[in-house]
2 protein chains.
Amino acid sequence: MDSSVARERALDAAEELFYGRGVQAVGMDDVRSASGVSLKRLYQLFPAKERLVEAYLERRDTRWREQLAAYVEERHGARERILAVYDWLGRWFDEPGFRGCAWINAYGELGAMSTPVAERVRAHKRAFREYLDSLAAEAGLPAAVGGQLFLLAEGAMVTAGITGSAKPANEAREAARLLVRAA
Amino acid sequence: MDSSVARERALDAAEELFYGRGVQAVGMDDVRSASGVSLKRLYQLFPAKERLVEAYLERRDTRWREQLAAYVEERHGARERILAVYDWLGRWFDEPGFRGCAWINAYGELGAMSTPVAERVRAHKRAFREYLDSLAAEAGLPAAVGGQLFLLAEGAMVTAGITGSAKPANEAREAARLLVRAA
DNA sequence: CCCTGTGGAGAACGCACGTTCTCCGCCTGC
DNA sequence: GCAGGCGGAGAACGTGCGTTCTCCACAGGG
């Protein structure tokens, strides 16, 4: 098996397991049996579990933001695009297996013990925040609005994760609509 | 040492350690040496670590909500009280050792593996949500506003925890002010 | 003075898991 | 056909930790 193929398979398995059960509840052996990549190979590709966790967060980060951006770009109108963010969140929340925000969960689990992981979580949130800032700027809204939209999105993610409901996306969307209108 | 004293000391130590480092990073032996309560006693009081975690979350829940309510009750005017919630959050975020919301962190860490812990997190968030609902009702605001205020507060907590800044409290307060005015 | 029970200190046990090692089959180049 | 090395399976190792057990000091009642 090609090395890059093994890497993808390992990351596929790691993502599903880490996200679904939490990082600490998943052993390297679980990743091995779910991916079919031998332990030896796993440790060649990722010299420690922490590296695998970082790679998981990084790959998921780019995919997550790409999918969000692709969904948003389909909408026309700067304000419509802002609201599209919450529509996309609502779809995400409704997906089977949704268990909250992978980065918030990872931060709760490892943020205190692993600075690399904490740093990746911060980088992801910073990027998302900047994306919302850019959407707000395109809509000609004051700079402060980006931060408010961000807080609504974060609150929706964490609440949807804990309650298992997609409703927070609608609540956040409605709040965003009012904020954009009022600003 | 009296049994109830031992229980309090154990919970004091557990709270500081669990909150500061995460639950899984703290061993029962750490709780023992930090509290001065022997392992035997610890296991008499809390037959398993999970019970200690539950007790930690429960005691912190009542204290957290009492302190919030006490702070809010000092303000006059229904809308002022709503904004006081975010002022209180800002003070909390600025406290030394602040590491985000204990329940969100615990959910990220244990939510997938421990239903009792997940249930306590849900109960805490439900109670906080209902508290905001009651504040919104007293201000004569539409029922939907409570949920929006809740999402802002959750977003602020999680963002303050990850970034280590108290600024999200101000951003959330400003957003809440606009939402209350617009509603 | 002994017997009993309570509680503390810390060793011991069992298990899970991150990481490494051993063994062996198989493929490739001669 | 064969030497050498690459890779897989899984055992082995070390450690950490939840939980229990052992041993002992000591207080109180006969």
Side-chain angles (χ1 to χ4, degrees), chain A residues 1-57 105-106 109-117 120, chain B residues 1-57 105-106 108-118 120:
Chain A
M1 190 190 326
D2 189 323
S3 190
S4 63
V5 175
R7 188 186 161 88
E8 287 305 298
R9 289 204 190 162
L11 283 174
D12 290 343
E15 177 159 3
E16 175 155 351
L17 292 169
F18 287 160
Y19 179 70
R21 297 192 215 158
V23 172
Q24 315 221 50
V26 172
M28 292 298 275
D29 222 60
D30 296 323
V31 176
R32 168 201 155 159
S33 44
S35 67
V37 176
S38 73
L39 271 186
K40 203 178 189 177
R41 206 78 174 282
L42 267 182
Y43 276 92
Q44 281 171 0
L45 296 163
F46 310 97
K49 187 185 183 184
E50 193 177 39
R51 295 290 159 77
L52 178 57
V53 176
E54 294 172 46
Y56 146 62
L57 291 177
N105 291 346
E109 212 176 336
L110 306 167
M113 304 314 291
S114 164
T115 32
V117 167
R120 272 181 199 278
Chain B
M1 192 191 322
D2 188 324
S3 191
S4 63
V5 175
R7 189 186 160 87
E8 287 305 297
R9 289 202 190 162
L11 283 173
D12 289 344
E15 177 160 4
E16 175 155 351
L17 292 169
F18 287 160
Y19 179 70
R21 296 192 215 156
V23 172
Q24 316 220 50
V26 172
M28 292 298 275
D29 222 61
D30 297 323
V31 176
R32 168 200 155 160
S33 44
S35 66
V37 177
S38 74
L39 271 186
K40 203 179 191 176
R41 206 73 173 284
L42 268 183
Y43 275 91
Q44 281 171 1
L45 296 164
F46 309 97
K49 187 186 183 185
E50 193 176 40
R51 296 288 159 78
L52 179 57
V53 176
E54 293 172 46
Y56 145 62
L57 291 176
N105 291 346
E109 213 176 336
L110 306 167
M113 304 314 291
S114 162
T115 31
V117 168
R120 272 179 200 279

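In what follows, every chain begins at residue 1, and chains take the letters A, B, ... in the order their sequences are listed.
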Atom-to-atom span, CG of Leu42(B) to C1' of dT20(D) - whole angstrom: 14 Å

Atom pair distance, as rounded to whole Å: CE in Met113(B) and P in dA16(C): 12 Å

Length of the line joining Gln44(B):CD and dG8(C):C1', which is rounded to integer Å: 11 Å

Minimum heavy-atom distance Gln24(A)-Glu109(A), with the two atoms named: N-OE2, 2.6 Å

Close residues, residues 21-29 of chain B, relative to DNA chain C [heavy-atom separation under 4.0 Å]: none

Exceeds 12 heavy-atom contacts within 6.0 angstrom, atom CD of Glu16(B): no

N/O donor-acceptor pair, side chain Lys49(A) with base dG18(C), under 3.5 angstrom: no

Donor-acceptor pair (no angle test) under 3.5 Å: Arg32(B) side chain, dG8(C) base: no

Along DNA chain D (nearest heavy atom to each residue), the more 5'-positioned of Lys40(A) and Leu39(B): Lys40(A)

Separation of dC17(D) P from Glu50(B) CD (nearest whole Å): 18 Å

Glu50(A): partners by side-chain hydrogen bond (donor to acceptor under 3.5 Å, both in side chains), with sequence neighbours left out: Ser114(A)

Value in whole Å for how far the C1' atom of dT19(C) lies from CG of Leu45(A): 15 Å

Partners passing salt bridge (Lys or Arg N to Asp or Glu O under 4.0 Å) against Arg21(B) (at least two apart in sequence or in another chain): Asp30(B)

Closest non-hydrogen atom pair between Val37(B) and Leu42(B), with its separation: CG1-N, 4.0 Å

Closest nucleotide among dA11(D), dG18(C), dG8(C) to the Tyr43(A) side chain: dG18(C)

Where Val31(B) and Ala10(B) come nearest, the two heavy atoms and their spacing: CG1-O, 4.1 Å

Length of the CG-P vector between Leu17(A) and dG18(C), whole Å: 12 Å

